[in-house]
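Have a look at the structure below before the remarks.
Numbering of ligands and ligand atoms starts at 1, following listing order.
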Amino acid sequence: MKKENKQGEKITIVNGELTVPNNPIIPFVEGDGIGADITPAMKRIVDTAVEKAYNGEKKIEWLEIYAGGKAKEKYDEYLPKETLDAMREYKVSIKGPLTTPVGGGYRSLNVASRQLLNLYACVRPVYWIKGVPSPMKHPEKMNMVIFRENTEDVYAGIEWKKGSEECKKVIKFLKEGFGIEIREDSGIGLKPMSEFASKRLIRKAIQYAIDNKRKSVTFVQKGNIMKFTEGAFREWGYEVAKEEFRDKILTEEELKKSGGKIPEDKILINDRLADNMLQQMLVYTDQYDVIATPNLNGDYLADAAAGQVGGLGVASSGNFGDEVAQFEATHGTAPQFAGLNVANPTALTLTAKSMLEYIGWKEAANLIYEGISRTINEKIVTFDLAYQMEGAKKVSTSEFADYIIKNIK
Ligand code: NAI
(Lines give C-alpha, C1' and ligand atoms only; values in the text may rest on other atoms or scores of the structure.)
Protein backbone atom coordinates (compact mmCIF):
# COMPACT_ATOMS: atom_id res chain seq x y z
CA MET A 1 0.00 0.00 0.00
CA LYS A 2 1.74 3.12 -1.24
CA LYS A 3 0.93 5.45 1.61
CA GLU A 4 4.17 7.39 1.28
CA ASN A 5 3.59 8.88 -2.18
CA LYS A 6 0.21 10.36 -1.28
CA GLN A 7 -0.27 14.11 -1.27
CA GLY A 8 -2.90 14.29 1.42
CA GLU A 9 -2.86 14.58 5.19
CA LYS A 10 -4.30 12.36 7.87
CA ILE A 11 -7.55 12.98 9.65
CA THR A 12 -6.73 13.04 13.36
CA ILE A 13 -8.61 13.13 16.62
CA VAL A 14 -7.66 15.92 19.00
CA ASN A 15 -9.33 15.97 22.43
CA GLY A 16 -12.01 13.66 21.14
CA GLU A 17 -12.77 15.94 18.16
CA LEU A 18 -12.25 14.94 14.55
CA THR A 19 -9.72 17.25 12.86
CA VAL A 20 -10.05 17.19 9.09
CA PRO A 21 -7.49 18.78 6.76
CA ASN A 22 -8.52 20.17 3.35
CA ASN A 23 -6.94 17.19 1.62
CA PRO A 24 -7.68 14.20 3.87
CA ILE A 25 -6.39 10.77 2.92
CA ILE A 26 -9.39 8.47 2.86
CA PRO A 27 -8.70 4.77 2.34
CA PHE A 28 -11.19 2.82 0.26
CA VAL A 29 -11.75 -0.87 -0.44
CA GLU A 30 -13.17 -1.40 -3.91
CA GLY A 31 -15.07 -4.52 -2.83
CA ASP A 32 -15.97 -7.85 -4.44
CA GLY A 33 -18.70 -8.49 -7.00
CA ILE A 34 -20.36 -5.23 -8.03
CA GLY A 35 -17.71 -3.32 -6.01
CA ALA A 36 -15.66 -2.83 -9.17
CA ASP A 37 -18.70 -1.21 -10.82
CA ILE A 38 -20.06 0.98 -8.06
CA THR A 39 -16.93 2.13 -6.21
CA PRO A 40 -15.40 4.06 -9.16
CA ALA A 41 -18.83 5.62 -9.81
CA MET A 42 -19.12 6.71 -6.18
CA LYS A 43 -15.63 8.23 -6.19
CA ARG A 44 -16.32 10.25 -9.34
CA ILE A 45 -19.55 11.65 -7.89
CA VAL A 46 -17.91 12.50 -4.55
CA ASP A 47 -14.94 14.21 -6.21
CA THR A 48 -17.27 16.34 -8.32
CA ALA A 49 -19.40 17.35 -5.34
CA VAL A 50 -16.36 18.26 -3.23
CA GLU A 51 -14.76 20.24 -6.06
CA LYS A 52 -18.00 22.13 -6.71
CA ALA A 53 -18.81 22.76 -3.04
CA TYR A 54 -15.38 24.18 -2.17
CA ASN A 55 -14.13 25.53 -5.52
CA GLY A 56 -11.23 23.13 -5.46
CA GLU A 57 -10.05 24.17 -1.98
CA LYS A 58 -10.86 20.76 -0.57
CA LYS A 59 -10.08 17.41 -2.13
CA ILE A 60 -10.12 13.82 -0.96
CA GLU A 61 -6.89 11.90 -1.52
CA TRP A 62 -8.19 8.39 -2.08
CA LEU A 63 -5.94 5.59 -0.90
CA GLU A 64 -6.75 2.14 -2.20
CA ILE A 65 -6.49 -0.59 0.41
CA TYR A 66 -7.29 -4.22 -0.16
CA ALA A 67 -9.73 -6.76 1.26
CA GLY A 68 -11.60 -9.71 -0.23
CA GLY A 69 -10.78 -11.07 -3.69
CA LYS A 70 -8.34 -8.32 -4.68
CA ALA A 71 -6.42 -8.78 -1.41
CA LYS A 72 -6.27 -12.53 -1.92
CA GLU A 73 -4.70 -11.93 -5.35
CA LYS A 74 -2.24 -9.31 -4.14
CA TYR A 75 -1.36 -10.50 -0.64
CA ASP A 76 -2.63 -14.10 -0.62
CA GLU A 77 -4.93 -13.30 2.28
CA TYR A 78 -8.45 -11.89 2.41
CA LEU A 79 -8.04 -9.33 5.15
CA PRO A 80 -4.40 -8.16 5.37
CA LYS A 81 -3.20 -6.57 8.58
CA GLU A 82 -2.10 -3.51 6.56
CA THR A 83 -5.72 -2.91 5.56
CA LEU A 84 -6.91 -2.93 9.14
CA ASP A 85 -3.95 -0.77 10.17
CA ALA A 86 -4.82 1.79 7.49
CA MET A 87 -8.48 1.91 8.58
CA ARG A 88 -7.31 2.49 12.13
CA GLU A 89 -4.61 5.00 11.24
CA TYR A 90 -6.64 7.18 8.87
CA LYS A 91 -9.74 7.12 11.14
CA VAL A 92 -12.30 7.33 8.32
CA SER A 93 -12.60 4.85 5.46
CA ILE A 94 -15.16 3.56 2.99
CA LYS A 95 -15.55 0.05 1.66
CA GLY A 96 -17.42 -1.77 -1.06
CA PRO A 97 -19.14 -5.08 -0.29
CA LEU A 98 -17.17 -8.23 0.44
CA THR A 99 -18.15 -11.82 -0.26
CA THR A 100 -18.96 -14.13 2.64
CA PRO A 101 -19.43 -17.82 1.90
CA VAL A 102 -22.62 -19.31 3.40
CA GLY A 103 -22.44 -22.36 5.66
CA GLY A 104 -18.67 -22.85 5.48
CA GLY A 105 -15.44 -21.34 4.13
CA TYR A 106 -13.88 -18.33 5.78
CA ARG A 107 -15.67 -16.13 8.32
CA SER A 108 -17.25 -12.89 7.21
CA LEU A 109 -14.57 -10.29 6.47
CA ASN A 110 -17.11 -7.60 7.25
CA VAL A 111 -17.79 -9.03 10.67
CA ALA A 112 -14.07 -9.64 11.28
CA SER A 113 -13.05 -6.10 10.37
CA ARG A 114 -15.78 -4.59 12.56
CA GLN A 115 -14.69 -6.71 15.49
CA LEU A 116 -10.94 -6.22 15.02
CA LEU A 117 -11.39 -2.44 14.78
CA ASN A 118 -13.94 -2.44 17.59
CA LEU A 119 -16.53 -0.72 15.41
CA TYR A 120 -19.29 -1.50 17.83
CA ALA A 121 -22.11 0.58 16.38
CA CYS A 122 -23.55 -0.11 12.96
CA VAL A 123 -25.56 2.97 12.07
CA ARG A 124 -28.09 2.81 9.24
CA PRO A 125 -30.00 5.94 8.30
CA VAL A 126 -33.18 5.07 6.41
CA TYR A 127 -35.05 7.87 4.66
CA TRP A 128 -36.92 8.33 1.43
CA ILE A 129 -35.51 10.24 -1.51
CA LYS A 130 -38.25 11.91 -3.48
CA GLY A 131 -38.92 10.04 -6.69
CA VAL A 132 -37.55 6.67 -5.55
CA PRO A 133 -40.17 3.99 -6.18
CA SER A 134 -41.50 2.41 -3.00
CA PRO A 135 -44.15 -0.19 -2.19
CA MET A 136 -45.53 2.17 0.49
CA LYS A 137 -48.34 4.71 0.12
CA HIS A 138 -46.38 7.22 2.20
CA PRO A 139 -42.68 6.43 1.93
CA GLU A 140 -41.91 9.99 3.07
CA LYS A 141 -42.99 8.98 6.57
CA MET A 142 -39.86 6.87 6.96
CA ASN A 143 -36.98 8.74 8.57
CA MET A 144 -35.22 6.45 10.98
CA VAL A 145 -31.64 5.88 12.11
CA ILE A 146 -30.96 2.33 13.26
CA PHE A 147 -28.10 1.76 15.75
CA ARG A 148 -27.28 -1.93 15.72
CA GLU A 149 -24.78 -3.55 18.10
CA ASN A 150 -21.91 -4.92 16.05
CA THR A 151 -19.73 -7.11 18.28
CA GLU A 152 -21.95 -9.48 20.24
CA ASP A 153 -25.15 -11.51 19.92
CA VAL A 154 -24.95 -13.65 16.78
CA TYR A 155 -22.03 -11.53 15.49
CA ALA A 156 -19.88 -13.01 18.23
CA GLY A 157 -19.80 -15.92 15.78
CA ILE A 158 -19.64 -18.57 18.52
CA GLU A 159 -20.96 -21.72 16.87
CA TRP A 160 -20.20 -25.42 16.83
CA LYS A 161 -21.08 -27.79 14.02
CA LYS A 162 -23.37 -30.77 14.59
CA GLY A 163 -21.35 -33.82 15.62
CA SER A 164 -18.07 -31.91 16.20
CA GLU A 165 -16.04 -32.70 19.31
CA GLU A 166 -16.69 -29.18 20.63
CA CYS A 167 -20.41 -29.52 20.08
CA LYS A 168 -20.53 -32.88 21.85
CA LYS A 169 -18.58 -31.38 24.74
CA VAL A 170 -20.99 -28.45 25.10
CA ILE A 171 -24.02 -30.77 24.98
CA LYS A 172 -22.44 -33.01 27.64
CA PHE A 173 -21.53 -30.01 29.81
CA LEU A 174 -25.06 -28.62 29.66
CA LYS A 175 -26.55 -32.00 30.49
CA GLU A 176 -24.21 -32.80 33.36
CA GLY A 177 -23.93 -29.28 34.73
CA PHE A 178 -27.48 -28.01 34.32
CA GLY A 179 -29.67 -31.00 33.47
CA ILE A 180 -30.42 -29.45 30.07
CA GLU A 181 -31.24 -32.00 27.36
CA ILE A 182 -30.17 -31.10 23.84
CA ARG A 183 -30.60 -33.43 20.85
CA GLU A 184 -27.33 -35.10 19.87
CA ASP A 185 -27.74 -34.01 16.26
CA SER A 186 -27.90 -30.31 17.12
CA GLY A 187 -25.59 -27.57 16.02
CA ILE A 188 -25.03 -25.03 18.79
CA GLY A 189 -24.65 -21.27 18.76
CA LEU A 190 -24.04 -18.91 21.67
CA LYS A 191 -25.58 -15.48 22.03
CA PRO A 192 -23.58 -13.42 24.51
CA MET A 193 -24.74 -9.88 25.29
CA SER A 194 -22.89 -7.82 27.86
CA GLU A 195 -23.89 -4.79 29.87
CA PHE A 196 -20.74 -3.02 28.67
CA ALA A 197 -21.30 -3.50 24.94
CA SER A 198 -25.05 -2.90 25.10
CA LYS A 199 -24.65 0.29 27.10
CA ARG A 200 -21.99 1.81 24.87
CA LEU A 201 -24.21 1.22 21.82
CA ILE A 202 -27.26 2.68 23.54
CA ARG A 203 -25.22 5.64 24.81
CA LYS A 204 -24.13 6.40 21.23
CA ALA A 205 -27.72 6.21 19.99
CA ILE A 206 -29.06 8.57 22.67
CA GLN A 207 -26.19 10.99 22.19
CA TYR A 208 -26.85 10.95 18.43
CA ALA A 209 -30.54 11.66 19.04
CA ILE A 210 -29.65 14.63 21.24
CA ASP A 211 -26.97 16.02 18.89
CA ASN A 212 -29.23 15.73 15.86
CA LYS A 213 -32.42 16.92 17.55
CA ARG A 214 -34.30 13.69 16.89
CA LYS A 215 -37.57 12.92 18.66
CA SER A 216 -37.17 9.49 20.24
CA VAL A 217 -34.98 6.47 20.88
CA THR A 218 -36.64 3.03 20.86
CA PHE A 219 -34.99 -0.07 22.33
CA VAL A 220 -35.99 -2.93 20.05
CA GLN A 221 -35.50 -6.36 21.58
CA LYS A 222 -37.08 -9.75 22.16
CA GLY A 223 -36.88 -9.60 25.94
CA ASN A 224 -40.08 -11.53 26.59
CA ILE A 225 -38.36 -14.71 25.36
CA MET A 226 -34.64 -14.05 25.87
CA LYS A 227 -34.82 -12.38 29.26
CA PHE A 228 -31.17 -12.27 30.22
CA THR A 229 -29.83 -11.08 26.89
CA GLU A 230 -32.50 -9.09 25.00
CA GLY A 231 -34.49 -8.34 28.15
CA ALA A 232 -31.33 -7.15 29.87
CA PHE A 233 -30.58 -4.94 26.84
CA ARG A 234 -33.86 -3.14 27.50
CA GLU A 235 -33.09 -2.71 31.21
CA TRP A 236 -29.57 -1.49 30.50
CA GLY A 237 -31.06 0.93 28.00
CA TYR A 238 -33.29 2.56 30.59
CA GLU A 239 -30.36 2.64 33.03
CA VAL A 240 -28.18 4.55 30.54
CA ALA A 241 -31.03 6.89 29.67
CA LYS A 242 -31.94 7.70 33.27
CA GLU A 243 -28.49 7.71 34.81
CA GLU A 244 -26.54 9.48 32.06
CA PHE A 245 -29.09 11.65 30.23
CA ARG A 246 -31.67 12.35 32.95
CA ASP A 247 -32.38 15.98 32.12
CA LYS A 248 -32.53 15.33 28.37
CA ILE A 249 -34.96 12.40 28.22
CA LEU A 250 -38.47 11.37 29.21
CA THR A 251 -39.56 7.74 29.21
CA GLU A 252 -42.85 6.65 27.69
CA GLU A 253 -43.87 5.46 31.13
CA GLU A 254 -43.19 8.89 32.64
CA LEU A 255 -45.03 10.56 29.78
CA LYS A 256 -48.09 8.37 30.34
CA LYS A 257 -48.10 9.19 34.05
CA SER A 258 -47.81 12.92 33.50
CA GLY A 259 -50.41 12.73 30.73
CA GLY A 260 -48.75 15.64 28.97
CA LYS A 261 -46.89 16.14 25.72
CA ILE A 262 -43.23 15.47 25.24
CA PRO A 263 -41.36 18.77 25.75
CA GLU A 264 -39.49 20.12 22.71
CA ASP A 265 -36.09 19.75 24.34
CA LYS A 266 -36.53 16.15 25.49
CA ILE A 267 -36.00 12.84 23.74
CA LEU A 268 -38.73 10.24 24.26
CA ILE A 269 -37.34 6.87 25.34
CA ASN A 270 -39.45 3.77 24.74
CA ASP A 271 -39.09 0.11 23.85
CA ARG A 272 -40.76 -2.38 21.52
CA LEU A 273 -40.52 -6.12 21.01
CA ALA A 274 -38.72 -6.94 17.77
CA ASP A 275 -41.60 -8.81 16.11
CA ASN A 276 -44.03 -6.03 16.92
CA MET A 277 -41.52 -3.46 15.70
CA LEU A 278 -41.56 -4.91 12.19
CA GLN A 279 -45.27 -4.18 11.91
CA GLN A 280 -45.05 -0.86 13.79
CA MET A 281 -42.55 0.28 11.21
CA LEU A 282 -45.02 -0.47 8.42
CA VAL A 283 -48.16 0.88 10.06
CA TYR A 284 -46.94 3.71 12.30
CA THR A 285 -43.83 4.56 10.34
CA ASP A 286 -43.48 8.19 11.39
CA GLN A 287 -43.75 7.42 15.09
CA TYR A 288 -40.26 5.95 15.11
CA ASP A 289 -37.01 7.79 14.88
CA VAL A 290 -33.74 6.50 16.38
CA ILE A 291 -33.61 2.77 17.12
CA ALA A 292 -31.09 1.05 19.42
CA THR A 293 -31.07 -2.71 19.04
CA PRO A 294 -28.97 -5.85 19.45
CA ASN A 295 -27.28 -7.34 16.45
CA LEU A 296 -29.68 -9.75 14.78
CA ASN A 297 -32.79 -7.62 15.26
CA GLY A 298 -30.93 -4.71 13.71
CA ASP A 299 -29.93 -6.80 10.73
CA TYR A 300 -33.55 -7.67 9.95
CA LEU A 301 -34.98 -4.26 10.78
CA ALA A 302 -32.51 -2.30 8.66
CA ASP A 303 -33.19 -4.30 5.49
CA ALA A 304 -36.96 -4.26 6.08
CA ALA A 305 -36.86 -0.50 6.63
CA ALA A 306 -34.73 -0.05 3.51
CA GLY A 307 -37.33 -2.03 1.55
CA GLN A 308 -39.98 0.53 2.51
CA VAL A 309 -38.06 3.35 0.85
CA GLY A 310 -36.68 1.72 -2.28
CA GLY A 311 -34.56 -1.25 -1.24
CA LEU A 312 -30.95 -2.16 -0.79
CA GLY A 313 -29.85 -0.24 -3.87
CA VAL A 314 -30.32 3.01 -1.92
CA ALA A 315 -29.50 1.99 1.70
CA SER A 316 -26.37 3.38 3.36
CA SER A 317 -24.52 2.34 6.48
CA GLY A 318 -21.57 3.15 8.71
CA ASN A 319 -19.68 1.30 11.43
CA PHE A 320 -18.39 3.35 14.32
CA GLY A 321 -16.05 2.83 17.24
CA ASP A 322 -14.86 5.45 19.67
CA GLU A 323 -12.33 6.83 17.18
CA VAL A 324 -12.57 4.91 13.93
CA ALA A 325 -15.40 5.06 11.40
CA GLN A 326 -15.82 2.74 8.44
CA PHE A 327 -18.56 3.50 5.91
CA GLU A 328 -20.21 0.90 3.67
CA ALA A 329 -23.48 0.31 1.84
CA THR A 330 -26.00 -2.04 3.42
CA HIS A 331 -26.10 -4.33 0.41
CA GLY A 332 -23.72 -7.12 -0.53
CA THR A 333 -21.78 -8.06 -3.65
CA ALA A 334 -24.83 -8.92 -5.82
CA PRO A 335 -22.65 -11.49 -7.66
CA GLN A 336 -25.17 -12.04 -10.45
CA PHE A 337 -24.55 -8.46 -11.62
CA ALA A 338 -20.80 -8.25 -10.99
CA GLY A 339 -18.79 -6.65 -13.76
CA LEU A 340 -21.86 -5.91 -15.90
CA ASN A 341 -21.87 -2.15 -15.21
CA VAL A 342 -25.54 -2.31 -14.25
CA ALA A 343 -25.61 -2.17 -10.42
CA ASN A 344 -27.01 0.83 -8.61
CA PRO A 345 -24.24 2.99 -7.11
CA THR A 346 -26.72 5.07 -5.06
CA ALA A 347 -26.35 3.19 -1.77
CA LEU A 348 -22.58 3.48 -1.76
CA THR A 349 -22.78 7.12 -2.87
CA LEU A 350 -25.28 7.97 -0.11
CA THR A 351 -22.89 6.18 2.22
CA ALA A 352 -20.17 8.53 1.02
CA LYS A 353 -22.60 11.39 1.66
CA SER A 354 -22.90 10.23 5.30
CA MET A 355 -19.11 10.07 5.42
CA LEU A 356 -18.83 13.66 4.21
CA GLU A 357 -21.34 14.75 6.85
CA TYR A 358 -19.31 12.90 9.45
CA ILE A 359 -16.14 14.82 8.50
CA GLY A 360 -18.09 18.06 8.47
CA TRP A 361 -18.27 18.58 4.68
CA LYS A 362 -22.00 19.14 4.69
CA GLU A 363 -22.09 21.35 1.59
CA ALA A 364 -20.62 18.58 -0.55
CA ALA A 365 -22.94 16.05 1.10
CA ASN A 366 -25.95 18.19 0.17
CA LEU A 367 -24.81 18.45 -3.43
CA ILE A 368 -24.62 14.66 -3.64
CA TYR A 369 -28.13 14.33 -2.28
CA GLU A 370 -29.44 16.92 -4.73
CA GLY A 371 -27.62 15.31 -7.66
CA ILE A 372 -29.06 11.89 -6.90
CA SER A 373 -32.52 13.21 -6.15
CA ARG A 374 -32.68 15.26 -9.37
CA THR A 375 -31.49 12.37 -11.50
CA ILE A 376 -34.02 9.96 -10.02
CA ASN A 377 -36.75 12.58 -10.41
CA GLU A 378 -35.86 12.78 -14.07
CA LYS A 379 -36.59 9.03 -14.05
CA ILE A 380 -33.05 8.22 -15.05
CA VAL A 381 -32.21 5.14 -13.01
CA THR A 382 -30.39 1.80 -12.96
CA PHE A 383 -32.26 -1.43 -13.68
CA ASP A 384 -33.36 -2.15 -10.10
CA LEU A 385 -35.31 1.10 -9.82
CA ALA A 386 -36.39 1.07 -13.47
CA TYR A 387 -38.12 -2.22 -12.75
CA GLN A 388 -40.36 -0.47 -10.22
CA MET A 389 -40.94 2.78 -12.17
CA GLU A 390 -43.19 3.55 -15.07
CA GLY A 391 -41.60 5.42 -17.97
CA ALA A 392 -38.08 5.22 -16.55
CA LYS A 393 -34.94 5.52 -18.63
CA LYS A 394 -32.76 2.58 -17.67
CA VAL A 395 -29.05 3.42 -17.69
CA SER A 396 -25.81 1.67 -16.74
CA THR A 397 -23.88 2.28 -13.51
CA SER A 398 -21.39 4.60 -15.17
CA GLU A 399 -24.05 6.47 -17.17
CA PHE A 400 -26.08 6.97 -14.00
CA ALA A 401 -22.99 8.46 -12.35
CA ASP A 402 -22.52 10.73 -15.40
CA TYR A 403 -26.08 12.05 -15.06
CA ILE A 404 -25.65 12.66 -11.33
CA ILE A 405 -22.40 14.50 -12.00
CA LYS A 406 -24.13 16.63 -14.65
CA ASN A 407 -26.87 17.45 -12.14
CA ILE A 408 -24.31 18.42 -9.50
CA LYS A 409 -22.44 20.70 -11.89
P1 NAI B 1 -26.92 -8.62 -1.80
O2 NAI B 1 -27.14 -7.38 -1.02
O3 NAI B 1 -25.65 -8.74 -2.54
O4 NAI B 1 -28.13 -8.80 -2.83
C5 NAI B 1 -29.48 -8.88 -2.42
C6 NAI B 1 -30.38 -8.45 -3.56
O7 NAI B 1 -30.29 -7.06 -3.77
C8 NAI B 1 -30.04 -9.10 -4.87
O9 NAI B 1 -31.21 -9.31 -5.61
C10 NAI B 1 -29.17 -8.07 -5.54
O11 NAI B 1 -29.15 -8.21 -6.87
C12 NAI B 1 -29.82 -6.76 -5.07
N13 NAI B 1 -28.83 -5.69 -4.97
C14 NAI B 1 -27.97 -5.49 -3.97
N15 NAI B 1 -27.22 -4.42 -4.19
C16 NAI B 1 -27.61 -3.90 -5.36
C17 NAI B 1 -27.20 -2.78 -6.14
N18 NAI B 1 -26.24 -1.95 -5.74
N19 NAI B 1 -27.82 -2.55 -7.32
C20 NAI B 1 -28.80 -3.35 -7.72
N21 NAI B 1 -29.25 -4.43 -7.04
C22 NAI B 1 -28.64 -4.71 -5.87
O23 NAI B 1 -27.12 -9.83 -0.78
P24 NAI B 1 -26.87 -11.38 -0.96
O25 NAI B 1 -27.20 -11.83 -2.34
O26 NAI B 1 -27.54 -11.97 0.19
O27 NAI B 1 -25.29 -11.54 -0.72
C28 NAI B 1 -24.32 -11.64 -1.75
C29 NAI B 1 -22.93 -11.61 -1.08
O30 NAI B 1 -22.70 -10.36 -0.45
C31 NAI B 1 -22.75 -12.68 0.00
O32 NAI B 1 -21.45 -13.18 -0.11
C33 NAI B 1 -22.93 -11.89 1.28
O34 NAI B 1 -22.28 -12.46 2.37
C35 NAI B 1 -22.28 -10.56 0.90
N36 NAI B 1 -22.73 -9.43 1.71
C37 NAI B 1 -21.78 -8.50 2.04
C38 NAI B 1 -22.13 -7.39 2.75
C39 NAI B 1 -21.05 -6.40 3.06
O40 NAI B 1 -19.99 -6.45 2.48
N41 NAI B 1 -21.29 -5.48 3.96
C42 NAI B 1 -23.52 -7.15 3.20
C43 NAI B 1 -24.46 -8.16 2.74
C44 NAI B 1 -24.06 -9.26 2.04
Subject >> Minimum-distance pair of heavy atoms, taken over all atoms of Val20 and Ile359 >> reply: CG2-O, 3.6 Å

Subject >> Short N or O distance, Asn110 and ligand 1, threshold 3.5 Å exclusive >> reply: yes

Subject >> Heavy-atom proximity to atom 35 (C) of ligand 1, best of Val342, Leu98, Asp303 >> reply: Leu98

Indicate every side-chain donor-acceptor pair of residues 284-295 with a distance under 3.5 Å to a residue at least two apart or in another chain.
residue : atom : partner : partner atom : Å
Thr285  : OG1  : Met281  : O            : 2.7
Thr285  : OG1  : Leu282  : O            : 3.3
Tyr288  : OH   : Arg272  : NE           : 2.8
Tyr288  : OH   : Gln280  : OE1          : 2.6
Asp289  : OD1  : Arg214  : NE           : 2.6
Asp289  : OD1  : Arg214  : NH2          : 2.8
Asp289  : OD2  : Lys215  : N            : 2.5
Thr293  : OG1  : Val220  : O            : 2.7
Thr293  : OG1  : Asn297  : ND2          : 3.4
Asn295  : ND2  : Glu149  : O            : 2.8

Original post:
Will you find, in the side chains of Tyr155 and Asp299, an N or O donor that is under 3.5 Å from an N or O acceptor?
Top reply: no

**OP:** Check ligand 1 against Gln336 and write out every atom of the ligand that is under 4.0 Å from a heavy-atom position of the residue.
**Re:** 8 (C), 9 (O), 10 (C), 11 (O)

Original post:
Going by distance only, is there an N or O of Phe383 that falls short of 3.5 Å from an N or O of ligand 1?
Top reply: no

**OP:** Give a yes/no on ligand 1: does Thr330 have at least one heavy atom closer than 4.0 angstrom to it?
**Re:** yes

Side-chain donor-acceptor contacts of residues 120-129 below 3.5 Å, not counting sequence neighbours, with atom names and distances?
residue : atom : partner : partner atom : Å
Tyr120  : OH   : Asp322  : OD1          : 2.6
Arg124  : NE   : Ser317  : OG           : 3.1
Trp128  : NE1  : Val132  : O            : 2.8

**OP:** For Tyr300, look at atom OH and say whether over 12 heavy atoms of other residues, nucleotides or ligands are found less than 6.0 Å away.
**Re:** no

Subject >> Thr333 and ligand 1 - part of the residue with a heavy-atom distance under 4.0 Å >> reply: both

**OP:** State whether the shortest distance between N or O atoms of Asn344 and N or O atoms of ligand 1 falls below 3.5 angstrom.
**Re:** yes

**OP:** Just jot down the ligand 1 atoms closer than 4.0 angstrom to any heavy atom of Pro97, in number order.
**Re:** 40 (O)

Original post:
For atom 2 (O) of ligand 1, which of Pro335, Ala334, Gly332, Ala338 has the closest heavy atom?
Top reply: Gly332

Subject >> Candidate pair Phe219 and Trp236, rule ring-ring contact (aromatic ring centres under 6.0 Å, His included), full reasoning >> reply: CA-CA 10 Å; Phe219 307 137; Trp236 294 325; over 10 Å; no

**OP:** Verify the distance criterion only: is there a donor paired with an acceptor across the side chains of Lys58 and Asn22 at less than 3.5 Å?
**Re:** yes

**OP:** Check each atom of ligand 1 against the heavy atoms of Ile34 and keep those under 4.0 Å away; list them by number with element.
**Re:** 17 (C), 18 (N)

Subject >> ligand 1 contact on Thr382 by region, counting heavy-atom pairs under 4.0 Å >> reply: neither

**OP:** Using the six-membered ring wherever Trp is involved, compare the ring planes of Tyr66 and Tyr75 and label them parallel, tilted or perpendicular (cut-offs 30° and 60°).
**Re:** tilted

Original post:
Should you measure from each heavy atom of Thr99, which atoms of ligand 1 turn up under 4.0 Å away?
Top reply: 32 (O)

**OP:** Find all atoms of ligand 1 within a distance of less than 4.0 Å from any non-hydrogen atom belonging to Phe337, and give their numbers and elements.
**Re:** 11 (O)

Original post:
Using the ring of each side chain (for Trp, its six-membered ring), is Phe337 parallel, tilted or perpendicular to Phe383, with breaks at 30° and 60°?
Top reply: tilted

